[in-house]
Amino acid sequence: MEAVITIGRRKRIVLLYLLFLWHITEAQIRYTIPEELKEGSVVGNIAKDLGVGVSEISHRKLRIASESGKEYFSVDLGKGELLVNERIDREVLCAQSVSCILPLEAIIENPLQLYRVEIQVLDINDNAPNFQNHKNILNVAESTALGARFRLESAQDSDVGSNSLRTYTLSKNDNFILDIKTGKDGSRVPELVLEKSLDREKQSQHHLVLTAIDGGNPARSGTAEIDVNVLDNNDNAPVCEKASYDIQLEENTTRGLVVVTIRAVDPDEGANSEVRYSFGPHTPEILQSLFSIDATTGEIKVTDEIDYEAGTSFEFDIVATDTGAPPMQGICSVHIDILDINDNKPEIILKSLSSPVREDAPVGTVVALISAKDIDTGDNGKVHLTLQSDLPFALKPSISNHYALVTDKALDREQHAVYTIQIVAVDSGSPRLTSEKEITVDILDVNDNPPRFAQQLYTVYVKENRVPGSILCSVSASDPDTGDNAKISYSILESRHQGVSISSYIYINSDNGSVFSMHSFDYEKMKTFRFHVEAKDHGSSSLSSNATVHVFILDQNDNAPAVIYPSAVMGSVSHQRMPRSAKAGHLVTKVTAVDADSGHNAWMFYRLVEATDMSLFSINLHTGEVRTKRAVYEHDDSSQRLVVEIKDNGETAQSSTVTVDILLEDGIQEPVSDIRQKNSDITKGSKITFYLIISLASVSVLSVLTFVILLVKCARNSRGRTSCCVRRSDSDDYKNPNRNLQIQLNTDGPIKYVEVLGGDMLSQSQSFGSCLSPLSEFSDFTLVKPSSTIDFKELNVLDASLPDSAWTFESQQVSAQ
Ligand SMILES: *[C@@H]1O[C@H](CO)[C@@H](O)[C@H](O)[C@H]1NC(C)=O
Ligand SMILES: *[C@@H]1O[C@H](CO)[C@@H](O)[C@H](O)[C@H]1NC(C)=O
Ligand SMILES: *[C@@H]1O[C@H](CO)[C@@H](O)[C@H](O)[C@H]1NC(C)=O
């Protein structure tokens, strides 16, 4: 009767209702059956259990009613057996409750009787444990500590009791173990425990299978797959492909060139494996300005001009950092060697220059110190210096790349005052680079040149009687030196002329070399003189030179002819006598005059200006001979007076007169006896005549001798020549003055006068020859007629006309010395 107690409230209502309708028997029948019986399976013989005979079954209409309405069972009216009408699933009927009782009513009519029948449905292991999710994903960070637990989904088993879930198993794996916890209600909860640390980089996913096993016999199981994803942890630093990169780079590399690409690998994934590149923390800024690194690609590029001379190699670190958190870093080093190219010109450095250089500097004098430099290396930095070859300088190499510029030849400032020396430096690179430098070297003057006169010999013609202080000439000298070394002072070298100091004749302007006279000169006293001028420079040891000035004084017609014969003693008239018997042409007398001037100025003309009887006498224009024109008549006055004018040939002619009284006498003889009569007079001068003749003879002999010697010499010296001429140049005339003696003889009968002529210097303008020709056998000894028409000026004959009885001899010493 305990079943009643267990009936639910709803059933009780139904039961009350039934009680109301029918008599409810207290009898209770219970059958126990396993679930899942086949249809038609016999649960039990209900008729028998109810005490109803088989014959009564159909009569009393035994039937089964289910409270739930679902007809799981039926009654076999023939046998009175309770049969399974429909599949009974305990899990549907009773879910998880351990006892599952299906209440039934057995109804019998006639009389109506109601019986309670309970059918206990026993569990059979017909359900396997089941996981709700057959695929599970578990994300586990790889850094998870050992022992960490991950709760897994429990499996469900509809069966109850021993058929329910009993345990779990886990597929074999390296990292996890399974731990099953039992809850307070006895439920079992599987948990994964990390037993060995995970490494995503080794295995990023673990496939586990969890199997739930129930306690049935045979046991049934259900599985669930568990995919354990190992979550990446930034536990790996990026690693460069190479620990160090060695690169060689030419120094003139263009900007933007990729030098190298750094690649670092990070086995992590995602952000943890994304690598960013950067320079190491202590990379100098200068280096960072030369190179750049692309953060993402790792390309190292040239960003600035690479200059070998600024740095021959670079070493720096590249840091590869991943983007994980925390970031991990890897470091690699880059070594860049810069290769030198010949990109630098050699440089010439002037260390010292001693300019100006004295022109008398000895060969080898150091003028400048020069060094050459090329900042390239190797051959690119080897420098060679060269010099223009035509300069008097040389480069002398001294210690490494140092040179001394020295003089190579003697210098002469007067030829070259300034040198521009071009020095060329060439390096040995390829291609060669050159540079040039100009050095200007001034040459310092040294007083090495004496002043030089424009002429060594000056010839000056000066008219006599000029006012004192007038300019005679100007000499000039030049000095190729400079400055004081070229500054010239002129002076007259002291000498004496005719016993008088030359400085009393002339003075010189010491600045410009103008020579002035201090006297007026008188040709008749001094025809020529010479002096030496000196030019002296102002150098510290002064140099000088001299020149000779010859002054020739030119004659002016400043002297009137002077009558020598017939001598008029103090104003008295000269008296001459002649015989009355004289015939026409009788030489009465000869008027002789001298003119102190020379040349034309001394050329005299004689004229009769007055006569007692003009028809009786005539005078030779040139000779001054007074002759009778006709025979003397008886009636002619015995005293005749003649006035003779003597006039010279000067520009402004000068003249003088002489008065001659002639006495016509009957008794006197011819002029021959006249001479004899004058024997006493002649003997008076015979001694002088004798000496003169001796000296003339010796001069003649000397001359002839000289010519013989000359002839021999000429013949030897010029065999090939047609003639032998010795030409005397101007200067020869002075150096070897050849005195030209002329003797003029009166050829008109007895010697009335002798003229001794001395050739002189003024003829220097005419160079006359001493030639061996038939016409001039005695070139230096010439006979000329008194009335010769030879130009006196050219011949420069010194006349010394002498009266018959009183001979004088004037010798002119006219020579350079
Ligand atoms: C670098 O220099 C070399 C040799 O002088 C030359 O051949 C080359 O063209 C240069 N490169 C650049 C980029 O200027
Ligand atoms: C030299 O100087 C003097 C005086 O000053 C002058 O009379 C003369 O003409 C000058 N001579 C020359 C050649 O200049
Ligand atoms: C003039 O110069 C010459 C050399 O040129 C020298 O021999 C001579 O002695 C000099 N004369 C005088 C007077 O100084």
Side-chain angles (χ1 to χ4, degrees), residues 359-360 410-415 445-523 525-554 556 728-738 760-762 764-765 767 813-817:
E359 61 177 318
D360 61 353
L411 303 173
D412 186 1
R413 192 205 63 82
E414 285 71 39
Q415 273 179 26
D445 185 47
V446 169
N447 193 20
D448 56 352
N449 286 286
R452 295 233 180 280
F453 279 99
Q455 294 165 249
Q456 197 51 46
L457 187 75
Y458 289 85
T459 306
V460 180
Y461 299 96
V462 180
K463 284 182 180 170
E464 60 178 332
N465 302 329
R466 278 187 46 194
V467 274
S470 62
I471 193 158
L472 268 186
C473 65
S474 272
V475 295
S476 78
S478 59
D479 190 324
D481 292 324
T482 55
D484 276 352
N485 294 340
K487 204 170 161 195
I488 297 171
S489 284
Y490 299 92
S491 60
I492 305 263
L493 288 175
E494 186 51 44
S495 62
R496 298 182 83 75
H497 180 75
Q498 295 180 351
V500 181
S501 167
I502 198 77
S503 57
S504 65
Y505 292 111
I506 46 161
Y507 68 91
I508 192 162
N509 183 314
S510 67
D511 292 332
N512 64 15
S514 286
V515 180
F516 301 88
S517 62
M518 288 171 80
H519 286 295
S520 64
F521 299 107
D522 186 355
Y523 174 83
K525 282 189 185 135
M526 183 164 66
K527 294 191 168 46
T528 180
F529 65 95
R530 66 171 191 173
F531 57 91
H532 301 285
V533 286
E534 186 189 54
K536 193 169 188 177
D537 64 29
H538 289 208
S540 63
S541 62
S542 64
L543 296 172
S544 65
S545 63
N546 61 51
T548 307
V549 181
H550 278 286
V551 180
F552 294 102
I553 295 151
L554 298 180
Q556 297 291 100
R728 287 188 291 182
S729 68
D730 290 2
S731 52
D732 283 344
D733 284 345
Y734 301 105
K735 286 186 182 154
N736 305 303
N738 198 329
D760 83 21
M761 326 232 356
L762 287 188
Q764 50 88 28
S765 59
S767 173
Q813 289 289 86
V814 277
S815 71
Q817 192 48 54

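Here the structure is a predicted model, which is why all the values come from computation and not from measurement. Side chains are part of it too, since the values below use all heavy atoms of this structure and drop only hydrogens, waters and symmetry mates. Just follow the structure's listing: the first ligand is 1, and inside any ligand the first atom is 1.
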Would you kindly say whether S510 and S489 are connected by a side-chain donor-acceptor distance under 3.5 Å?
no
Is there at least one protein heavy-atom neighbour under 4.0 Å from atom 4 (C) of ligand 3?
no
Which residue holds the protein heavy atom closest to atom 2 (O) of ligand 2, what is that atom called, and what is the gap in Å?
N512 ND2, 2.3 Å
Measure the acute angle between the ring planes of F552 and H550, then classify it against the limits of 30° and 60° as parallel, tilted or perpendicular.
parallel
Does an N or O from S474, backbone or side chain, lie closer than 3.5 Å to an N or O of ligand 2?
no
Do we see a donor-acceptor contact under 3.5 Å between the side chains of N447 and D537?
yes
So if I count the atoms of ligand 3 from 1 in the order they appear, which ones are less than 4.0 Å from some heavy atom of N546?
1 (C), 2 (O), 3 (C), 8 (C), 10 (C), 11 (N), 12 (C), 14 (O)
Could you tell me whether the side chain of I502 reaches within less than 4.5 Å of the side chain of L493, counting heavy atoms only?
no
Is there a side-chain contact between D445 and E359, using heavy atoms and a 4.5 Å cut-off?
yes
Give me the nearest non-hydrogen protein atom to atom 7 (O) of ligand 2 as residue plus atom name, then the distance to 0.1 Å.
F516 CZ, 4.0 Å
Out of all atoms in ligand 3, which are within 4.0 Å of some heavy atom of L493? Include the element for each.
12 (C), 13 (C), 14 (O)
Short list, please: which atoms of ligand 2 are under 4.0 Å from a heavy atom of S514?
1 (C), 8 (C), 10 (C), 11 (N), 12 (C), 13 (C)
Pair F529 and F521, ring centroids less than 6.0 Å apart:
yes
Would atom 9 (O) of ligand 2 count as contacted, meaning some protein heavy atom under 4.0 Å?
no
